[in-house]
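Below is one structure; the comments refer to it alone.
Just the heavy atoms: all of them, side chains too, but no hydrogens, waters or symmetry mates, feed the values below. Chain letters run A, B, ... following the sequence lines, proteins first and then strands; every chain starts at 1.
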Protein chains: 2
Amino acid sequence: MATLADVARKAGVSAATVSRIVNGSPKIVSEELRERVLRAVQELQYVPNAHAQLLARSHRTTVGVIVHDVSDPYFAEITRGLQRVASEQGRLVIICNSYRDPDRELEYVELLRAHQVESIILAGSGYHDPAFTKSLNAKLSAYMATGGRVSVVGRHKLAGDAVMPANEEGGYLIGSAVFSAGHRHVGVVAAPRQLTTTTDRLAGLRRAAREHHRTLPSKRIAYAEFDRDGGAAATAALLDADPRLTAIVALNDSMAIGALSALRERGLSVPGDVSVVGFDDMPIARDVTPPLTTVRLPLVEIGARAITMALDAPQPSPRVEEVPAEVIHRESLAEPRD
Amino acid sequence: MATLADVARKAGVSAATVSRIVNGSPKIVSEELRERVLRAVQELQYVPNAHAQLLARSHRTTVGVIVHDVSDPYFAEITRGLQRVASEQGRLVIICNSYRDPDRELEYVELLRAHQVESIILAGSGYHDPAFTKSLNAKLSAYMATGGRVSVVGRHKLAGDAVMPANEEGGYLIGSAVFSAGHRHVGVVAAPRQLTTTTDRLAGLRRAAREHHRTLPSKRIAYAEFDRDGGAAATAALLDADPRLTAIVALNDSMAIGALSALRERGLSVPGDVSVVGFDDMPIARDVTPPLTTVRLPLVEIGARAITMALDAPQPSPRVEEVPAEVIHRESLAEPRD
DNA sequence: GCTACTAGGGAAAGCCCTTTCCCCGCGCCT
DNA sequence: AGGCGCGGGGAAAGGGCTTTCCCTAGTAGC
């Protein structure tokens with residue numbers, strides 16, 4: 001690989017001059033040298049070594065993002081918003097997938113710190129696990145103590161600024177919609193209970209139930225993997241336990257799609273026999289049959305806010321921004337037949 | 001940020017010793033010093049500066065991947081296969097989204113080179129643009145000349161090893177399925193024509209048409225954006241131009257889903273009135289109504305092969321591996337009603 | 001004509017680590 | 001007892017770049 005020194009030698013100038021030209025420093029360089037240098041750069045196909053640059057430069061311009069899985073539309077949207085702001089601010093972003101593994105999350109915090117990122121953004125549900133929360137907080141605090149900025153999306157009790165999607169409220173809204181429609185036998189298809197998102201959404205659902213003078217007995221809640229197949233399995237289990245179910249609330253759209261497929265397999269029509277609602281409003285939600293009634297969170301905006309806070313001037317005390325949820329009414333929810 | 005030197009000072013040893021302990025070098029260090037150092041590392045929350053490490057170390061262990069968009073299931077799958085092999089081989093992978101912008105692709109090659117990656121993997125359709133191909137090749141060659149490894153997925157005429165998904169064959173197979181079913185009025189919903197994937201798949205379709213003594217007149221081909229809405233728009237245009245259409249071949253599943261929605265909007269049933277087929281077998285393909293007949297490419301394996309080649313010992317001449325396509329029969333394709 | 005600047009360029013000191021080379025002292029062998 | 005080998009540790013030389021500081025001319029000002 002050609003180095004700065006090679007270019008300098010070839011152009012017959014000092015390394016300093018080459019550096020100034022290549023990086024467009026404010027220092028004025030004569031047209032003649034500039035041309036000579038640029039030609040040498042071309043001929044040698046010189047590309048500056050990013051690591052050497054980062055080492056030599058004092059200011060950092062890259063931010064790290066830790067999500068569960070970018071290929072999940074939920075995170076893809078958040079990331080999109082985040083990237084937009086990042087590139088507006090001239091920042092590079094490194095994306096890390098934890099695949100819902102707390103240990104990997106910890107490792108990534110370390111990795112990002114090692115890469116000297118300017119700030120770390122943690123998105124995606126937290127875990128009900130005090131030991132983990134503690135060590136994560138320790139790492140985050142150490143990072144912040146040395147000038148690092150942290151912002152989190154939807155994580156409770158963590159160091160740094162936070163953007164909080166209204167999971168509880170969303171649960172409440174969708175629950176209200178279901179109960180108001182007149183459903184009495186409602187099953188819940190839930191993601192693993194150690195995810196705080198699950199418990200938050202569930203809490204909202206419970207609040208809605210109470211308001212409608214109903215309860216959500218735990219046997220009507222099936223926990224499964226956070227994906228389509230998990231949703232299908234949980235739905236099957238729910239139906240086996242109680243065939244009278246007239247509505248299924250899935251705690252995210254992927255699982256709702258699984259529910260749809262499980263119902264279809266049993267020859268039950270939606271919403272004729274059973275209503276189904278989801279959560280997140282993934283793009284595909286409007287394209288399944290029937291289109292899914294679900295809860296929309298302004299994900300792009302959430303991502304944008306998270307990074308904005310992280311790049312803002314540091315505040316004396318951590319900020320928390322709440323963002324509202326909204327029910328999107330489509331055809332998968334109807335009144336029970338009765 | 002604490003540095004190696006800080007740790008060394010605190011533990012009362014030399015920097016060399018700290019480095020050896022932290023990196024687990026083969027050189028033996030006494031238990032006593034090891035403990036002292038580890039304690040200092042803990043107390044200072046020391047994390048080695050990754051850039052300094054990369055600068056100091058000679059060997060590279062990270063590979064770069066350039067895709068159109070990881071959140072697209074197509075690339076998500078490829079990336080998954082790739083990541084698996086990468087972590088087996090102890091490599092880190094940097095993912096870059098070009099969002100189908102050739103210039104951004106060029107920039108990313110540069111960026112990855114700057115980051116001293118060990119190899120670059122380029123996945124996703126190429127462009128019919130000689131000027132672009134030329135400058136991309138120039139950059140790639142420069143990179144390879146300095147020991148970089150390159151492998152590409154489904155790109156023609158590019159430097160480096162290549163994994164070629166059978167786009168043409170896939171087009172042929174799905175085309176044969178449609179024509180064999182007896183369809184005579186077939187419309188094609190295509191992605192932008194400057195993508196080589198589009199033309200390859202189309203070529204296969206044409207071959208199938210010829211074999212069934214039919215043609216694919218250009219007015220039966222509608223080009224649009226590579227997404228759901230593009231598919232819907234193209235379908236609408238096709239239907240307006242010729243209401244007798246009994247089958248629509250979409251050149252990828254996202255567009256097929258758009259087609260489904262456009263047909264639904266017009267009150268046409270699938271496959272009763274019009275059959276629809278897709279390409280790629282995205283996970284969602286089986287969950288739409290009706291489930292989509294489509295072409296499956298072993299994407300995970302494609303990704304794995306691409307990185308395997310890139311990490312292999314360099315070969316004297318570039319290798320090309322073809323991977324076959326397979327039609328997945330589901331309900332969206334049926335015989336025309338007549 | 002002399003001083004006082006300024007523009008333009010270079011030398012060199014870092015940035016933080018890895019790794020080679022070297023040194024010291026100990027135990028072993030003869 | 002002397003030489004040798006080796007285990008354990010440190011000094012220092014990079015690795016490629018940025019940036020401060022300094023120097024030299026040339027220019028303007030009086």
Side-chain angles (χ1 to χ4, degrees), chain A residues 1-38 40-41 44-62 110-111 113-118 146-147, chain B residues 1-38 40-41 44-62 110-118 146-148:
Chain A
M1 282 283 280
T3 70
L4 227 214
D6 296 334
V7 176
R9 206 170 312 122
K10 179 144 196 160
V13 299
S14 74
T17 304
V18 177
S19 171
R20 292 199 261 259
I21 292 173
V22 170
N23 298 302
S25 102
K27 188 133 182 172
I28 302 161
V29 180
S30 72
E31 236 356 88
E32 192 211 331
L33 289 198
R34 153 165 280 111
E35 263 178 38
R36 285 225 307 269
V37 167
L38 256 21
V41 165
L44 295 174
Q45 285 274 7
Y46 168 69
V47 176
N49 182 322
H51 300 293
Q53 282 188 314
L54 269 111
L55 191 55
R57 275 204 251 267
S58 44
H59 61 272
R60 314 267 159 250
T61 63
T62 119
E110 204 107 298
L111 183 92
R113 205 141 91 78
H115 278 262
Q116 311 291 109
V117 297
E118 168 183 19
T146 57
Chain B
M1 281 284 280
T3 70
L4 227 213
D6 296 332
V7 176
R9 205 171 312 121
K10 180 144 195 161
V13 300
S14 75
T17 304
V18 177
S19 171
R20 292 200 261 258
I21 293 174
V22 170
N23 298 303
S25 102
K27 187 133 185 174
I28 302 162
V29 180
S30 74
E31 233 1 84
E32 193 210 329
L33 289 198
R34 155 165 278 111
E35 263 178 37
R36 286 224 309 268
V37 168
L38 255 21
V41 165
L44 295 175
Q45 286 272 6
Y46 169 69
V47 176
N49 182 322
H51 300 293
Q53 283 188 314
L54 269 112
L55 190 55
R57 275 204 251 268
S58 44
H59 60 273
R60 314 267 158 251
T61 64
T62 118
E110 204 107 299
L111 183 92
L112 291 175
R113 204 141 92 79
H115 278 262
Q116 310 291 108
V117 298
E118 168 183 17
T146 57

Within the 4.0 Å limit for protein heavy atoms, which parts of nucleotides 21-27 of chain D are touched? Write it as a string from 5' to 3', B for base, S for sugar-phosphate only, - for none. B------
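In terms of phosphate contacts, B:S30 brings a side-chain nitrogen or oxygen within less than 4.0 Å of OP1 or OP2 of D:dG9. At the phosphate of D:dT18, neither OP1 nor OP2 sits under 4.0 Å from any side-chain N or O atom of A:S25. Checking the phosphate oxygens (OP1, OP2) of D:dT18, a side-chain nitrogen or oxygen of A:Q53 falls inside 4.0 Å. The side chain of B:T17 contributes an N or O atom lying less than 4.0 Å from OP1 or OP2 of D:dG10. Residue A:S19 places at least one side-chain N or O under 4.0 Å from the OP1 or OP2 atom of D:dT18.
Rounded to whole Å, atom C1' of D:dG8 lies 9 Å from atom CG of B:L33. What separates CE of A:M1 from P of D:dG16 is a distance of 9 Å, to the nearest Å. When rounded to the nearest whole Å, the span between CZ of A:R57 and P of C:dC16 equals 15 Å. Remark: P of C:dC17 and CG of A:L54 are 14 Å apart, rounded to the nearest angstrom. Separating the CG atom of A:L44 from the C1' atom of D:dG16 is a distance of 15 Å, rounded to the nearest angstrom. As a whole-Å value, the separation of A:L4 CG from C:dG10 P is 13 Å. Per the geometry, CG belonging to A:N49 stands 16 Å off P belonging to C:dC16, to the nearest Å. Atom CD of B:E31 and atom C1' of D:dG9 are 15 Å apart (whole Å).
Pairing each heavy atom of B:P48 with each of A:A114, the nearest pair is O-CB, 3.3 Å. Shortest non-hydrogen contact noted between B:V7 and B:V37 is CG1-O, 4.2 Å. For the residue pair B:R34 and B:V29, the shortest heavy atom distance occurs at NH1-O, 3.6 Å.
Using a 4.0 Å heavy-atom distance criterion, A:I28 is classed as a sugar-phosphate-only contact.
Between the side chain of A:R113 and the backbone N or O of B:Y46, no donor-acceptor pair lies under 3.5 Å. Between the side chain of B:R36 and the backbone N or O of B:A11 there is at least one donor-acceptor pair closer than 3.5 Å.
To the nearest 0.5 angstrom, B:R60 atom CZ is 6.5 Å from A:H51 atom NE2. In this structure, OG1 on A:T61 lies 6.5 Å from CG on A:L54, to the nearest 0.5 angstrom. The distance from atom CG of A:L44 to atom NZ of A:K10, rounded to the nearest 0.5 Å, is 5.0 Å.
The residue among B:H51 and A:V22 whose nearest nucleotide of DNA chain D is located toward the 5' end is B:H51.
Using a 4.5 Å cut-off on side-chain heavy atoms (C-beta onward), B:Q45 and A:T146 make no contact.
No option in A:L4, A:N23, A:D6 other than A:L4 meets the side chain to side chain contact (heavy atoms under 4.5 Å, CB included) test with A:V18.
Overall bending of the helix from C:dG1-D:dC30 to C:dT30-D:dA1, expressed as the angle between end axes built from five pairs apiece, is 50° (10° steps).
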